[in-house]
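Comments concern the structure below.
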Number of protein chains: 2
Amino acid sequence: MTPASPAGEPALARLFAIGYRLLIDQLHGRLRALGWTDVRPAFGFVLLAVRDQPATVTGLASLMGTTKQAASKLVETMVVSGYVERETGARDGRQRPVHLTPRGKELLRAVEQIYAELEQEWAQVIGAPGLQRMRRDLVRVLSDADDGALPPVRPVW
Amino acid sequence: MTPASPAGEPALARLFAIGYRLLIDQLHGRLRALGWTDVRPAFGFVLLAVRDQPATVTGLASLMGTTKQAASKLVETMVVSGYVERETGARDGRQRPVHLTPRGKELLRAVEQIYAELEQEWAQVIGAPGLQRMRRDLVRVLSDADDGALPPVRPVW
DNA sequence: TCCAGATGGTCAACGAGGTTGAACATCTTC
DNA sequence: GAAGATGTTCAACCTCGTTGACCATCTGGA
């Protein structure tokens, strides 16, 4: 549902949906142009989550707002593509922490590079301060709705 | 993909995704509480599109950024639920324009009421001017990317 | 110490909601 | 008037999520 606002201005919900799609599509378009052809939108969540330290499947699931099963499938896909690996022998024997492979780190670098360019292009339209204000206000209102922390996202689409 | 920004601030793409989900989930939660239990997120696109005049299936598809087949299925679902009807005997005999039923108008009213409340609540956190600025900047940057008009959204999720 | 319950992970079956491909009716144009 | 374009729908399929069941491992209290 993306209703219009009272005054006939486009609803924020609709604008968010369009903005998300636009950024994601552009990011993946440029990734594809660079040869990264097997990257799914949801990969980004995992890449970032395991960027600095390994993460468990359950942790990923709660981060993304999906079930453990869905997160497990996603990890499996990324393992097959060679972006992450499952560890064995963690302190807690039930866990199978996930970490980046060298290829995964390469992809992460490409993603960060491209995404920075995209936000840069936005800054050229609404100005860098406008961009920062938008980010700050969004963080404020979204964490307010979830007592202080950013809620999970479902990487649907 | 929703990478982090250079400085470690949350990526706009992620914030948009969270914001969209939040608004949509809250809207549907309140709709459900009022007894509207068979409303799917994508219904909103159709409700608004046919608000003032009928729309064709093809028009709805291009508005939402999906195939005509998907739009046709969506319309069929809404017909079954009693929110819209297909017209017959349009000027162009191929078309079967879709318009709101009384029940559909009722739902539209409820949606607009609730959605206005939600944006109102946002305004209480970031201020009405902040909300308007966010909307204005989003419209600016999004229509800039699509030569002047707001691009379609895929109502996935 | 040991067992009941909680937690991490995966397999299997299923469902929602999109896509592609094909068919058919109607319009448009030369 | 016939050839192609356009509007709509049917059918088959695919992706990616869910629920339900199951197993392995950890943890806490009797």
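Values below: every heavy atom of this structure, side chains too, minus hydrogens, waters and symmetry copies. Note on naming: letters A, B, ... go to the chains in the order of the sequence lines (proteins, then strands), and numbering restarts at 1 for each one.
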For this session: Report yes or no: is there a donor-acceptor pair, N or O only, under 3.5 Å between the side chain of K73(A) and the base of dG17(D)?
Result: yes
For this session: Could you tell me the separation between the CG atom of L74(A) and the C1' atom of dT18(D), rounded to a whole number of Å?
Result: 15 Å
Exercise. Does the R30(A) side chain pair with the main chain of I114(A), one donor and one acceptor, at a distance under 3.5 Å?
Worked result: no
What pairs of donor and acceptor atoms, side-chain ones from residues 92-102 of chain A against any protein atom, are under 3.5 angstrom apart with sequence neighbours left out?
unit_1: D92(A); atom_1: OD1; unit_2: R94(A); atom_2: N; d: 2.9
unit_1: D92(A); atom_1: OD1; unit_2: R94(A); atom_2: NE; d: 3.1
unit_1: D92(A); atom_1: OD2; unit_2: R94(A); atom_2: NE; d: 3.4
unit_1: D92(A); atom_1: OD2; unit_2: R94(A); atom_2: NH2; d: 2.7
unit_1: H99(A); atom_1: ND1; unit_2: E87(A); atom_2: OE2; d: 2.9
unit_1: H99(A); atom_1: NE2; unit_2: E85(A); atom_2: OE1; d: 3.1
unit_1: T101(A); atom_1: OG1; unit_2: G82(A); atom_2: O; d: 2.6
unit_1: T101(A); atom_1: OG1; unit_2: Y83(A); atom_2: O; d: 3.1
unit_1: T101(A); atom_1: OG1; unit_2: R103(A); atom_2: N; d: 3.4
unit_1: T101(A); atom_1: OG1; unit_2: G104(A); atom_2: N; d: 3.0

For this session: Can you tell me the distance, in whole Å, between the CZ atom of R96(A) and the P atom of dC26(D)?
Result: 12 Å
Exercise. Does a donor on one side chain and an acceptor on the other come within less than 3.5 Å for Q113(A) and E117(A)?
Worked result: yes
Problem set entry | S143(A) side chain reached by V139(A) side chain, heavy atoms, under 4.5 Å | yes
Exercise. Strictly under 6.0 Å, is that where the ring centroids of Y20(A) and F16(B) end up?
Worked result: no
Exercise. Can you check whether W122(A) reaches L23(A) side chain to side chain, under 4.5 Å on heavy atoms?
Worked result: yes
Problem set entry | Positions of residues 52-59 of chain B (non-hydrogen atom under 4.0 Å from DNA chain D), listed by number | T56(B), V57(B), T58(B)
Exercise. So, is T66(A) close to the dG17(D) phosphate, meaning a side-chain N or O under 4.0 Å from OP1 or OP2?
Worked result: no
For this session: Calculate the interatomic distance between F45(B) atom CZ and dG17(C) atom C1'; express it in whole Å.
Result: 14 Å
Exercise. Rounded to whole angstrom units, what separation is found between the CD atom of E76(A) and the P atom of dG17(D)?
Worked result: 14 Å
For this session: Confirm from the modelled atom types if Q69(A) and dG8(C) form a donor-acceptor pair under 3.5 Å, side chain to base only.
Result: no
Problem set entry | Audit row: L15(A), L150(B), side-chain contact (heavy atoms from CB on, under 4.5 Å) steps and yes/no | CA-CA 9 Å; L15(A) 297 175; L150(B) 281 178; 4.0 Å; yes
Exercise. Ignoring hydrogens and geometry, is there a side-chain-to-backbone donor-acceptor pair from R140(B) to I126(A) under 3.5 Å?
Worked result: no
Exercise. Is the backbone N or O of K73(B) less than 3.5 Å from a side-chain atom of T77(B), with the two atoms forming a donor-acceptor pair by type?
Worked result: yes
Problem set entry | dA16(C) OP1/OP2 closer than 4.0 Å to side-chain N/O of R40(B) | no
Problem set entry | For DNA chain D, the residues among residues 83-95 of chain A that have a non-hydrogen atom under 4.0 Å from it | R91(A), D92(A), G93(A), R94(A)
Exercise. For dG9(C), does either OP1 or OP2 sit under 4.0 Å from a side-chain N or O belonging to S72(A)?
Worked result: no
